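Both ligands and their constituent atoms are indexed starting at 1 by order of listing. The structure presented is a predicted model; accordingly, all values stated were derived computationally and were not measured.
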Amino acid sequence: MKNIESKLTESRSYKPNESFKKKANINKTILFELNSQYKKTPDMFWSELAKKHIDWIEEFKTVCSGSAPFFRWFEEGKLNVSSNCLDRHINKNKKAIIHISEDNNKTVITYDELYVLVNNFSHSLKKLGLVKGDRVIIYMPTIPEAITAMLACARLGVIHSIVFAGFSSESLKDRINDCNAKIVITVNAFKRNGKIIKAKNTVDHALSLGCPSIEKCIIYKNINENTKFNKDKDLWWHDILAKESIVVEPEIMSSEDLLFILYTSGSTGKPKGIVHSSAGYLLNCILTNKWVFDLKDDDLFWCTADIGWITGHSYVVYGPLATGSTILIYDGAPTYPKADRFWEIIEANKVTIFYTAPTAIRTLMKLGEHLPRKYNLNSLRLLGTVGEPINPKAWVWYQSNIGSKKCPIVDTWWQTETGAHMIAPIPGVTQTIPGTCTHPLPGIDVDIVDDNGNSINKCNQGGNLVIRKPWPSMLRGIWNDEKRYKQTYWEKYNNKYYITGDTARLDNNGNIWIMGRSDDVVNVSGHRLGTMEIESAIVSHEYVAESAVVSYQHEIKGEAIHAFVTLKNNFTEYNNTEFAKELREWVKEKIGSIAKPERISFSDSLPKTRSGKIMRRLLRNLARGEDISGDTSTLENENILTQLKNIL
Ligand code: WTA
């Protein structure tokens, strides 16, 4: 592998403040002890944590068994994930969920109430004949009933697979058929940006495309909106839910029994059904909530992710509920009805911990700091980000305008496949630098290697990010596709490491900088550069809101850089040709001549998935003059492709 060169430098750094440090769950001494225990006796390290944080029905004997690429954790142990999230927190009069709808209705549900809801819904599912190991699709927005459905499945040992409620009927059909689900649970409709989205119609359409395994469709009446009702297949949630409280004994599950399947996109069009186990997954969720989010009994934790993504699984549902915390969920658009919706919710509910994606931060940054300034955001004590590299400009904006310069920011690196955070700051200890997710967590052994699998020991030299040792919440495979599992994650280095697919570098202080996906590396005149670095340089320009960088074939340079750029609202009148020149010089100044984009296109927005990830694959097609290939059903703003095609 040729070197991936890094030219991005960042000199600002932030120490945790004294008052945060004093109360933090993890201080320097504890962190040191955790790291040294893992080094000395990894099995003992995981065993002690698993015994301490999980309620076991029967304790495990072995810690980690098997060999790459198939590991098993806490094998003989028996537990139930839903009772870890509910039964152990009842009778304490503790709030579990505060739900705010887009229409601003607020519902508060205690652990005791959630326990009753989950038991009753488990009873309904059981009566429909579902048994351990069956698959159920949940196609719902982030509302308390979706969480109820997840926990009810977990109570019965039924494997859930949540499909993000913005996905098309085609995507839904593919996922249903891949896992042969028996039941789909949905809502009649929901509101987004003030518009009514008829989720049940999408389900009907998916089923009409051919989903032979589906026996029943359960509909939760979420808003007042008529829906077609098919007497053979459909059931109303309120009709099948027992009126009196019924206790359903939790199914005794083995540690390795599957908890859920979650589909994620790979480099080909076909989504991969990532599968997660029960005990191992739960353990890392619990630990990272305590270590990275510093969750305490009196916190109100708002993770803005939809339950359709892994972040919603681990940091809306399983992690926070297993630690008995109170979560806030908001079922609406970030800028509806006004651009200050997030800040208003934080002030009104006194949110203490806020976790969102860089793309949301950049969008809100673009709208201006006068919006958060109108609100008292003093309740916040910690901020987090996830999903993409956060460029330093957005990081600093987040820290000063939302975190009042006092909140630590945890930039958390992880994947659907890893189940929980892998690389992230420990907020009471780690000195953070904008743009780096800092160090691996205790128990996580990462490395950066070259194409032959050798560690790259040189600072600022990029390579492939790998994880050297198994960890409890690692994926257990791809549903029904062992070959793809081995090929994607293990084969390149002969099962020696788990391959993340990301590229990264280490700086002089041992901080890890994610440079992008390995397929997002551009090679200009023999220099390989991470696209993220170029994007970060571009967006650090005052006029720029967002940017995505891809490469296309170039006669002389091999590959050349094409930058797609969105300007902030008040700068859109700027002369594009003039500004493109200026921006090229800017990048030259920030990174060097080598990174200067050959082409720059300006547009109103960039093609993004509904979870906010820029679809660089489509931009690559456009830049290379190719037809758009692969699946575009996850695209949020289809019109933007037409706009881009017209200007190219
Ligand atoms: C990227 C989301 C930089 C990365 C939890 C990873 C990040 C992919 C970060 C997984 C971060 C996630 N800094 N890049 N803090 N967090 N990524 O499966 O490329 O939706 O491989 O999981 O997002 O995306 P996924």
Side-chain angles (χ1 to χ4, degrees), residues 8 10 162 164 260-267 271-276 281 284-285 288 292-293 303-316 318-319 355-362 383-392 394-395 398 409-425 430 432-441 444 446 448 462 464-467 473-475 478 488-489 498-505 511-521 530-533 535-536 548 608-617 634:
L8 199 69
E10 173 60 57
I162 305 186
F164 174 59
F260 64 85
I261 306 173
L262 184 61
Y263 287 88
T264 179
S265 44
S267 44
K272 302 176 277 194
I274 303 298
V275 297
H276 278 288
Y281 171 77
N284 281 116
C285 284
T288 48
V292 180
F293 291 131
C303 163
T304 65
D306 190 280
I307 47 141
W309 314 119
I310 190 68
T311 308
H313 285 60
S314 306
Y315 300 107
V316 174
Y318 290 112
Y355 189 35
T356 195
T359 179
I361 299 167
R362 285 194 296 263
L383 303 173
T385 84
V386 59
E388 311 172 62
I390 176 163
N391 49 297
W395 195 106
Y398 194 32
I409 296 199
V410 290
D411 173 356
T412 60
W413 179 90
W414 60 297
Q415 309 176 296
T416 303
E417 293 86 341
T418 67
H421 303 154
M422 298 283 103
I423 309 173
T430 313
T432 52
I433 299 173
T436 162
C437 48
T438 72
H439 311 288
L441 294 175
I444 306 302
V446 311
I448 297 170
N464 297 315
L465 181 69
V466 296
I467 307 181
S473 65
M474 66 196 300
L475 76 166
I478 296 178
T488 313
Y489 303 108
Y498 163 79
I499 301 162
T500 67
D502 280 3
T503 56
R505 69 177 164 100
N511 289 301
I512 297 171
W513 294 73
I514 304 295
M515 300 171 82
R517 297 291 301 170
S518 46
D519 50 8
D520 280 343
V521 168
T531 50
M532 177 258 147
E533 298 202 61
E535 290 169 9
S536 190
K608 285 186 190 166
T609 62
R610 292 181 171 90
S611 66
K613 280 208 170 69
I614 297 170
M615 293 184 82
R616 292 183 177 73
R617 173 168 62 84
T634 57

Closest to atom 12 (C) of ligand 1 (judged by heavy-atom distance), picking from W414, W309, Y315: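 Of the listed residues, W414 has the closest heavy atom.
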Side-chain donor/acceptor of [X] to backbone N/O of [Y], under 3.5 Å:
X: H313; Y: I307; value: yes
X: Y398; Y: G384; value: yes
X: T412; Y: T385; value: yes

Side-chain donor-acceptor contact under 3.5 Å, Y281 with S314: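 Y281 vs S314: donor-acceptor pair found between side chains.
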Exercise: do K608 and T359 side chains pair donor with acceptor under 3.5 Å: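 Yes.
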Test item, K613 contacting ligand 1 (heavy atom, 4.0 angstrom):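 Per 4.0 Å heavy-atom rule, K613 contacts ligand 1.
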Min heavy-atom dist G501 to ligand 1 below 4.0 Å: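 Checking ligand 1 against G501, which is what was asked, there is no heavy-atom contact under 4.0 Å.
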What protein heavy atom sits nearest [atom], and how far away is it?
atom: atom 6 (C) of ligand 1; result: D502 OD2, 3.3 Å
atom: atom 25 (P) of ligand 1; result: T416 OG1, 3.6 Å
atom: atom 16 (N) of ligand 1; result: G387 N, 3.1 Å

Residue portion contacting ligand 1 (non-hydrogen atoms closer than 4.0 Å) for T412: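 Contact part for T412 vs ligand 1: backbone (N, CA, C, O).
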Under-4.0 Å heavy-atom contact with ligand 1, by part of C437 that carries it: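 For C437, there is no contact with ligand 1 at all, from either part.
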D411 N/O under 3.5 Å from ligand 1 N/O: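 There is such a contact, yes.
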Steps toward side-chain contact (heavy atoms from CB on, under 4.5 Å) verdict (I310, F260): CA-CA 10 Å; I310 190 68; F260 64 85; 3.8 Å; yes
